[in-house]
Participant: 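Here's a structure for you.
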There are 4 protein chains.
Amino acid sequence: MEKMSTEKRSEILEAAINLFSVKGFERTTVDEIAAKANVGKGTIYLYFRNKEHIFLAIVEEGISYLKQLFLQVTKEKDFTLQLRELILSYLKFAEDNREIYRLFMKERLAMRLCNDSIIEKRFIEMHHELYQFFTDFMQRGMDEGVLCPADPGYLGMALNGIISHCVFHWLYSNDQQPLTKLTDTLCHLFLKGAASNLNLHVSGGVQDVS
Amino acid sequence: MEKMSTEKRSEILEAAINLFSVKGFERTTVDEIAAKANVGKGTIYLYFRNKEHIFLAIVEEGISYLKQLFLQVTKEKDFTLQLRELILSYLKFAEDNREIYRLFMKERLAMRLCNDSIIEKRFIEMHHELYQFFTDFMQRGMDEGVLCPADPGYLGMALNGIISHCVFHWLYSNDQQPLTKLTDTLCHLFLKGAASNLNLHVSGGVQDVS
Amino acid sequence: MEKMSTEKRSEILEAAINLFSVKGFERTTVDEIAAKANVGKGTIYLYFRNKEHIFLAIVEEGISYLKQLFLQVTKEKDFTLQLRELILSYLKFAEDNREIYRLFMKERLAMRLCNDSIIEKRFIEMHHELYQFFTDFMQRGMDEGVLCPADPGYLGMALNGIISHCVFHWLYSNDQQPLTKLTDTLCHLFLKGAASNLNLHVSGGVQDVS
Amino acid sequence: MEKMSTEKRSEILEAAINLFSVKGFERTTVDEIAAKANVGKGTIYLYFRNKEHIFLAIVEEGISYLKQLFLQVTKEKDFTLQLRELILSYLKFAEDNREIYRLFMKERLAMRLCNDSIIEKRFIEMHHELYQFFTDFMQRGMDEGVLCPADPGYLGMALNGIISHCVFHWLYSNDQQPLTKLTDTLCHLFLKGAASNLNLHVSGGVQDVS
DNA sequence: GATGAATGAGCTTTCATTCAT
DNA sequence: CATGAATGAAAGCTCATTCAT
């Protein structure tokens, strides 16, 4: 009995992920989810309080899976290797969960000011966790002397931005090659920048802007 | 059609920008826009064919302004200076048009598969233009020998990602300091990377991944 | 000044007749009438209290013209000739005022229970007048011994029905020949019936059903 | 779709027939239909795609019932008896389905140029079927020598006109006597005409006008 | 548990009418 | 007189949610 329930729940989530990622949260109807999941419409409300909680469940699971991936990063001893592993995990996640990732990007900002404040809070919370993880990670890099001193928050943002924009492009192009192939490129880009060695004189420098 | 009060049109757009950027396109009702613009609901339909065309107008204006900013970038002769100017323009646009920028980010992916294909096409078109601009820009940097050889598309994505994620964070934090203060930091980060000089041995390298 | 006003009024009516007859009263907008009449929308409300009064004006004019035609019928001395003249007038009116006639048929019953009871009353009144005319006419035919005794109301209805259904068919077919060609056929049909002379035994007979 | 409560569907149709026949299609709102049918507004859209399809359903059912009545007409062997039966069926239908009949007359012409061309086509189609039935019927009468040679189409129109105008009058008067009482009168009128026997000299004659 | 028929609040859009110019 | 920008009531329709079975 429990098993069957879990199965139904998964089918609903699977259907919802697919539809949300393609049509967006608002444009997807509960009827469509029920139809795609081969489930009665009423059944959905046995497993989820309402439409928004389906969304919440997807995000929770996605985030928790991603966090788990990130935690394994620290198994490497060298910071540089950890960084490489972090990027690899990120890319792998996007590659393996193309739809969930697309959903994340699409709805990242859309949930603000929705009626159900529990969801909103949880959503912001999750983002903050990820932000914190990246920030801590960067701080560690600086502590270890691998990264030059700078605002760790912005460094985290920058890394996140570099990766996610590349994933974004990959998502909407028909690029068939594996995303993970980009790992070393992005790692190097983040650490050493885009400039050729010849470009010696750059105005400014990385300052702490906090 | 086009002779009607420009003022009313602006008020409607102003209201729509604000609401769309806070609540998102779908969750904003035409009634709300009318109320915020101090205008009758019917009036909106004198100036815009429907709700989606309000959105389209906002995006068109925003993009055209942004493109204009970017075109001025090339006035600088040195590529590095151009890069700095590009980042500055981007940050300045976000700072001056906080709400429009937020709207852009929020709805970047939401418009796919909407009914009115004219809008969808136009939206994709505009994104492509910006992408092309960044790609061409990077290509120029490589031709001039300032950037090391790599896929210019991904380099553009990376720069875009670095900047936009920092803006994103700024948008949703209560950071009061001007965004433009980040210009040199981001410029340096993009060109020279985050690594300290001590970090000599990085696995991999920037390859052309096209 | 007066002349110009009358001209504008006519243009509005002309436009309204055309649109009402094609699209029906409800589906025609005041904007369309104004556009077709080359007149400002507000101008229409200088000449007519509201949209329904435009309709009323059309009907009033049409009916009064039709009544005038019918009055001339009595110039003939012989009842049979009067009947022929009546049918001819009817057909000629439909032929010359194709759109107005179509409008009459289309909206004959649609006006019941509309908000403006003045219009409704007037509309029913006009129908009653026509009904009365036909009834009186038939009564005269009976009094003169030309028609066999029967309920004059139903005889009137029958004649009206014969003519109007033929006109109806002509309106919506592409029959190019003049409607008036049917005059004698319909006259004969009404007076002598459709049966061949051989058909001697008809059950029943014309009774007074009043 | 088709398994849902037939009862609800009937109640909706019943309400719609009543309202359409009184107020007309355009002036009747879906809210009113829902209220009269003691049904939620949304429920209506479970049974019918949109407002026009409610109308279509009514007409389809009415026409199919009427056609069935007409088909039984041919059970009589004698043409004259068939004619009598046809008129009787017609009158009986109007008497038993007063509102549906009124609806038919009211909207006969109103549907032209509506948006949903499927409905428009079907509506015209159905009218054509009825017209064809009457035409064929008259042709048969002529072939059998009962009717004098004439355009069968116009003869059909004439009969239709005679009957429908009498029904029309009955509908809007408070005539309490049964319509079917008119059967023989109308039959005789159609076959032998309205003239008394004394009226021997009628100009013209029934010609074939096709 | 599972279902889907039923619901009505709420949406976008239209359009007759007004009124300042 | 003439105009057309402005309006909001009212329309058709959708869809998240409920609940009897």
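In what follows, every chain begins at residue 1, and chains take the letters A, B, ... in the order their sequences are listed. These numbers come from the heavy atoms of this one structure, side chains and all, not from hydrogens, waters or symmetry mates.
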Participant: Please report, rounded to the nearest Å, how far the P atom of dA9(F) is from the CG atom of Asp31(D).
Facilitator: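 Atom CG in Asp31(D) sits about 16 Å away from atom P in dA9(F).
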
Participant: Which nucleotide wins on minimum distance to the side chain of Val39(C), given the candidates dA16(E), dA5(E), dT3(F)?
Facilitator: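 Selected nucleotide (nearest to the side chain): dT3(F).
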
Participant: Give none if dA2(E) has no partner; otherwise give the nucleotide forming a Watson-Crick or G-U wobble pair with it, both distances under 3.5 Å.
Facilitator: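 Matched dA2(E) with dT21(F) under the 3.5 Å cut-off.
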
Participant: Quick one: which of dT17(E), dT14(E), dG1(E) gets closest to the side chain of Asn50(C)?
Facilitator: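 Looking only at side-chain atoms, Asn50(C) lies closest to dT17(E).
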
Participant: Could you please name the option among dA2(F), dT12(E), dA5(E) that lies closest to any side-chain atom of Leu46(C)?
Facilitator: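 Of dA2(F), dT12(E), dA5(E), dA2(F) is nearest to the side chain of Leu46(C).
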
Participant: By the 4.0 Å heavy-atom rule, please label Thr43(C) as base, sugar-phosphate, or nothing.
Facilitator: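 Base: the residue Thr43(C), judged by heavy atoms under 4.0 Å, touches a nucleobase.
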
Participant: How do Val30(A) and Thr28(D) order along DNA chain F: which one's closest nucleotide is nearer the 5' end?
Facilitator: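 Mapping each residue to its closest nucleotide by heavy atoms, the 5'-most match is Thr28(D).
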
Participant: Taking the six-membered ring of Tyr47(B) as reference, does the NZ or CZ atom of Lys8(B) fall below 6.0 Å from its centre and within a 45° cone about the axis?
Facilitator: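 The answer is no; the distance or angle limit is not met.
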
Participant: To the nearest Å, how far apart are Arg27(B) CZ and dT12(E) C1'?
Facilitator: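 Interatomic distance, CZ of Arg27(B) to C1' of dT12(E): 17 Å.
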
Participant: Mapping Gly42(A) and Gly40(C) onto DNA chain F by nearest heavy atom, which one lands closer to the 5' end?
Facilitator: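 Result: Gly40(C).
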
Participant: Take atom CD in Glu32(D); do more than 12 heavy atoms of anything else shown fall under 6.0 Å from it?
Facilitator: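 Enclosed.
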
Participant: Starting at atom CD of Glu32(B), determine the distance to atom P of dG10(E), rounded to an integer number of angstrom.
Facilitator: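 Going from Glu32(B) (CD) to dG10(E) (P), I get 12 Å.
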
Participant: Which whole-number value in Å describes the distance from Glu26(B) CD to dC15(F) C1'?
Facilitator: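 Rounded to whole Å, this separation is 13 Å.
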
Participant: Any strand is fair game: report the nucleotide pairing with dT12(E) by Watson-Crick or G-U wobble, both distances under 3.5 Å, or none.
Facilitator: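 Matched dT12(E) with dA11(F) under the 3.5 Å cut-off.
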
Participant: Lys51(C) NZ to dA10(F) C1': how many Å, rounded?
Facilitator: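 Answer to the nearest Å: 14 Å.
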
Participant: Does Glu52(C) come within less than 4.0 Å of Arg27(D), counting only side-chain N to carboxylate O?
Facilitator: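 Salt bridge between Glu52(C) and Arg27(D), a charged N being under 4.0 Å from a carboxylate O: yes.
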
Participant: Nearest of dG12(F), dA2(E), dT12(E) to any side-chain atom of Lys8(A)?
Facilitator: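 That would be dA2(E).
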
Participant: Assuming nearest nucleotide by heavy-atom distance, tell me which of Tyr45(B) and Tyr45(C) is located more 5' along DNA chain E.
Facilitator: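 Result: Tyr45(B).
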
Participant: Measure from CD1 on Ile44(B) to C1' on dT13(E) and round the result to the nearest Å.
Facilitator: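 Computing the Ile44(B):CD1 to dT13(E):C1' distance gives 11 Å.
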
Participant: Please give, in whole Å, the distance from dA5(F) C1' to Arg9(B) CZ?
Facilitator: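 From Arg9(B) CZ to dA5(F) C1': 16 Å.
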
Participant: Would you call Glu61(A)-Arg9(A) a salt bridge at under 4.0 Å N-O?
Facilitator: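 Yes, Glu61(A) and Arg9(A) are salt-bridged.
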
Participant: Would you say that more than 12 heavy atoms from the other residues, nucleotides or ligands in this model lie under 6.0 Å from the CD of Glu7(B), or not?
Facilitator: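 Incorrect, the count does not exceed 12.
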
Participant: Measure from the side-chain heavy atoms of Tyr47(C) and tell me the nearest of dA6(E), dT12(E), dA2(F).
Facilitator: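 The closest nucleotide is dA2(F).
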
Participant: Which whole-number value in Å describes the distance from His53(B) NE2 to dT12(E) C1'?
Facilitator: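 That distance rounds to 15 Å.
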
Participant: For Lys41(C) and Asn38(D), take the nucleotide of DNA chain E holding the closest heavy atom to each; which residue's nucleotide lies nearer the 5' end?
Facilitator: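 On the 5' side of the pair lies Asn38(D).
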
